[in-house]
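See structure below.
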Amino acid sequence: MTNDQTPPPNFIKKIIEDDIESGKYNGRVHTRFPPEPNGYLHIGHAKSICLNFGLANEFNGFCNLRFDDTNPIKEEQEYIDSIKTDVRWLGFDWDDREFYASDYFGQLYEWAIKLIKDGHAYVDSLSADEIRAYRGTLTESGRESPYRDRSIEENLDLFERMKKGEFEDGTYVLRAKIDMASGNLNLRDPVLYRILHAEHPRTGDEWCIYPMYDYAHGQSDSIEGITYSICTLEFEDHRPLYNWFLDELDIYHPQQIEFARLNLTYTVMSKRKLLRLVKNNLVNGWDDPRMPTISGMRRRGYPPAAIRDFAERIGVAKNDSTIDFALLEYCLRQELNQSAARVMAILDPLKVVITNYPDDKVEYAEAVNNQEDPAAGTRQVPFSKVVYIEREDFQEIPHKKFFRLAPGREVRLMHAYYITCTDVIKDENGDIVELHCTYDPETWGGDSPDGRRVKGTLHWLSAAHALSAEVRLYDHLFTKENPDDVGEGEDFTANMNPDSLQVIAQAKVEPSLAGAEPGSRYQFLRTAYFCVDPDTTPDHLVFNRTVTLRDTWAKVQQKSN
RNA sequence: UGGGGAAUCGUCUAAUGGUAGGACAGCGGCCUUUGGAGCCGUAUAUCCAGGUUCGAAUCCUGGUUCCCCAGCCA
């Protein structure tokens, strides 16, 4: 899909344009996407990825992929691998600029020694609990650690022994010496290094002290020559600390800019909650198509171009905001409408016997694959005496605005014939089991030579030729726009939608779908967009519903209720 | 009188002293071999109160509301 509108302005572009004009970074634009490999990427990350890589593209700069791997307890190679897959799948390329904060552990250690020597850092012997108690509260200033004035020599010695592994976890930390009375808690002698005798996914057991985020991030940015270190709002009051390290170390100084993270209706976004859904088996893994993870969206059938379009449309600002899920769906339909091949599938089959059609005759209707894309061509769809239509496409006593099939009414079977319903066959319970219709042989292709019109056009399948398939219909994972809107003693899981997954074991699909590749996307005509699930095997097709088609008939029905 | 941020249609987002614009959602219509897509039209907003100014979403003063921060997480 092409979007010929120029990308919208935002406050970060404005800053960059001003900097380019003033020559602040000599016109250079260099960003980075810095995930911690402790979970799978989600659509909130996608916003950040599109922003950082997008800015680099727009201003002829670069964007690095940098893993913020400073906490070996939570990080795993599995997450590193998935993150790379997801960023690439979204359509972005970091060339050879794949970096890790752990690449800089040596340099970071040297800089820590410099801070100690300059009297800006000290080794503290307080326990974690004591440090918390000494930190004070939001409204009361903190107290200085009794170890704050150790000599530089002692600090150097202790820090070196921390690194050598002489001490247990938690016995010592390295702290910056800033201001225990600061109103900004981040400046109350923040911890720079902690002792962690843990195996790191990349550095193994080379280190047993690990830098904290605040100490590692800005310096990593500096080493990589980043110009704009773009992060989310909650880091706003870390910025003074970000600047403090760079200034005290007297090294190249990137600029941190904060923007509002993405919130989406009917969705939870925090890694903690997503992890909980996975670990408690409330969903089927990180790539469950109901998950807002990139891997889940991929499996659900979201095209990367739709996600990029979405990221552009939501904008970038500093307001806390929650995007209407309907916008995402709009972007999906927009993209899928252009790219997805049309195909016929019946989710809830109703048998139709065309009484005046020859018993053993088979004709092949030429069906357009995608009227939005003539290059997609056509295909042959078999037609015969017994067909399936969608059960909801027939009403025995039609609603006044229902213009599909009803007794005595004529409709078009798309690309095939006009048919007229003559009889309704019911079982002993009064349930409709079959329809008898007649067809007009003059209407092959879907047009009548006499120019008469029909109001309804239905999709259909030749019963003898249809393939069976499993179809998975997905809905919002949560029933409330804000899943955290819960009663006392409840949490977000109380709002989980019991109907978020509905499995249709025996749907019918076109024979052309035989052998459809996992990941390929289709529009089931008049129904929804679907994507072939990886669970598919040669004799068992599985489709995931990506997003329904807009359904104005559903609205009409709702209104009349 | 802890610190840091943010307030514009229902929801996002533009407009940086000069006609409050766009998108999604809504509503109405046209068209249609998808009740899809497309097209046209339409209603709805500057947190409040003062002030400066010919003119204020924008500048000033004072309020109000919301978000973030007390990890040896990021």
Side-chain angles (χ1 to χ4, degrees), chain A residues 5 8-10 14 34-36 38 68-71 73-75 124 126-128 131-133 135-142 169-175 181-188 190-196 210 212-214 216-217 231-240 258 260 265 271-272 313-331 333-334 337-338 342 344 367-368 371-372 401-404 412-416 418 445-447 453-459 481 523-529 548-556:
Chain A
Q5 289 169 353
N10 64 53
K14 175 75 173 133
E36 185 192 11
N38 68 343
D68 237 325
D69 56 346
T70 56
N71 185 359
I73 292 171
K74 292 186 176 175
E75 295 153 8
D124 200 352
L126 253 25
S127 70
I131 286 179
R132 187 181 313 119
R135 186 156 32 229
T137 68
L138 293 177
T139 53
E140 299 161 39
S141 80
D169 290 4
T171 50
Y172 293 95
V173 288
L174 183 71
R175 291 230 257 170
S182 174
N184 182 344
L185 267 42
N186 296 117
L187 263 20
R188 316 243 265 227
V191 171
L192 270 47
Y193 272 92
R194 74 283 216 195
I195 300 171
L196 251 30
Y210 291 92
M212 298 288 289
Y213 164 85
D214 284 306
H217 201 93
C231 60
T232 44
L233 251 27
E234 67 271 26
F235 291 101
E236 218 151 14
D237 45 15
H238 291 239
R239 184 166 9 107
E258 310 85 12
T265 55
K271 278 190 183 177
R272 202 202 99 244
R313 286 171 184 271
I314 60 179
V316 181
K318 298 189 74 158
N319 305 341
D320 289 308
S321 60
T322 302
I323 307 293
D324 190 338
F325 199 91
L327 178 62
L328 214 206
E329 295 188 325
Y330 172 83
C331 295
R333 294 184 182 117
Q334 194 75 16
N337 179 51
Q338 296 301 127
R342 273 61 169 172
M344 293 194 281
V368 175
Q371 40 276 88
E372 304 295 325
K401 290 190 176 173
F402 183 83
F403 45 84
R404 279 114 94 150
R412 169 168 41 234
L413 294 183
M414 202 174 184
H415 307 306
Y418 284 11
D447 263 319
R453 325 264 303 202
V454 289
K455 286 270 282 189
T457 300
L458 311 188
H459 58 285
E481 282 198 12
Q523 182 194 109
F524 286 4
L525 276 160
R526 307 204 307 128
T527 311
Y529 293 99
T548 61
L549 255 30
R550 271 188 69 224
D551 189 352
T552 48
W553 164 240
K555 280 182 195 168
V556 172

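Every heavy atom of this structure was used, including side-chain atoms; hydrogens, water molecules and symmetry mates were not. Naming: A, B, ... by sequence-line order, numbering from 1 per chain. The structure presented is a predicted model; accordingly, all values stated were derived computationally and were not measured.
The 5' end of RNA chain B is approached more closely, in terms of each residue's nearest nucleotide, by A/D447 than by the other of A/D169 and A/D447. Across the interface with RNA chain B, nearest-nucleotide mapping of A/Q523 and A/A128 shows A/Q523 to be the residue nearer the 5′ end.
The phosphate of B/G35 has neither OP1 nor OP2 within less than 4.0 Å of any side-chain N or O from A/R404. For the OP1/OP2 pair of B/G38 and a distance below 4.0 Å, the side-chain nitrogens and oxygens of A/Q338 include no atom meeting the criterion. The phosphate of B/G36 (OP1 or OP2) has no side-chain N or O of A/T527 nearer than 4.0 angstrom. Contact between the side-chain N/O atoms of A/R194 and the OP1/OP2 oxygens of B/C73 is found at a separation under 4.0 Å. Close to B/C73, at under 4.0 Å from its OP1 or OP2, lies no side-chain N or O of A/Y213. Between A/R526 and B/G35 there is a side-chain N or O to OP1 or OP2 distance below 4.0 Å. Put simply, A/R550 has a side-chain N or O that comes within less than 4.0 Å of OP1 or OP2 on B/A37. In terms of phosphate contacts, A/S141 brings no side-chain nitrogen or oxygen within less than 4.0 Å of OP1 or OP2 of B/G2. Taking side-chain N and O atoms only, A/K14 has no distance below 4.0 Å to OP1 or OP2 of B/U16. Taking 4.0 angstrom as the limit, A/R453 places none of its side-chain polar atoms (N or O) nearer than this to OP1 or OP2 of B/C31. Distances shorter than 4.0 Å separate none of the side-chain N or O atoms of A/R272 from OP1 or OP2 on B/C73. Side-chain N/O atoms of A/T70 include one lying less than 4.0 angstrom from OP1 or OP2 on B/A74. Remark: A/K555 is in phosphate contact with B/C27, judged by side-chain N or O atoms under 4.0 Å from OP1 or OP2.
When the P atom is used for both B/C69 and B/A37, the distance is 41 Å, rounded to whole Å. Look at the P atom in both B/U53 and B/C39: the space between them is 48 Å, to the nearest Å. Here, B/A7 and B/C48 have their P atoms 14 Å apart, quoted to the whole Å. Using atom P as the reference point in both B/U13 and B/A6, the two lie 13 Å apart (nearest Å). B/G17 and B/G2 are spaced 34 Å apart, taking the P atom of each and rounding to whole Å. Straight-line distance between the C1' atoms of B/U44 and B/A20: roughly 13 Å, to the nearest whole Å. Taking atom C1' in both B/U46 and B/G22, one finds a spacing of 16 Å when rounded to whole Å.
The CE atom of A/M212 sits 9.0 Å away from the CG atom of A/L192 when rounded to the nearest 0.5 Å.
Taking 3.5 Å as the limit, the base of B/G10 and the side chain of A/E481 contain no donor-acceptor pair of atoms between them. For A/R313 against B/U13, no side-chain N or O and base N or O form a donor-acceptor pair under 3.5 Å.
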**OP:** Please test A/E36 against A/K74 for salt bridge (charged side-chain N to carboxylate O under 4.0 Å, His left out), starting from the C-alpha separation and ending with a verdict.
**Re:** CA-CA 9 Å; A/E36 185 192 11; A/K74 292 186 176 175; over 6 Å; no
Original post:
How does each nucleotide of nucleotides 3-8 of chain B score, in 5' to 3' order, for protein heavy atoms under 4.0 Å: base (B), sugar-phosphate only (S), or none (-)?
Top reply: BSSSSS
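Put simply, the side chain of A/N186 never gets that close to the backbone of A/P240: no donor and acceptor are under 3.5 Å apart.
Here A/T137 lies in heavy-atom contact (under 4.0 Å) with a base.
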Distances under 3.5 Å between protein N/O atoms and the N/O atoms of nucleotides 41-46 of chain B, please, pair by pair.
none

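Remark: RNA chain B forms stems of 3 or more consecutive Watson-Crick or G-U wobble pairs, all pair distances under 3.5 Å, at B:2-7 with B:64-69, B:10-13 with B:21-24, B:26-30 with B:38-42, B:47-51 with B:59-63.
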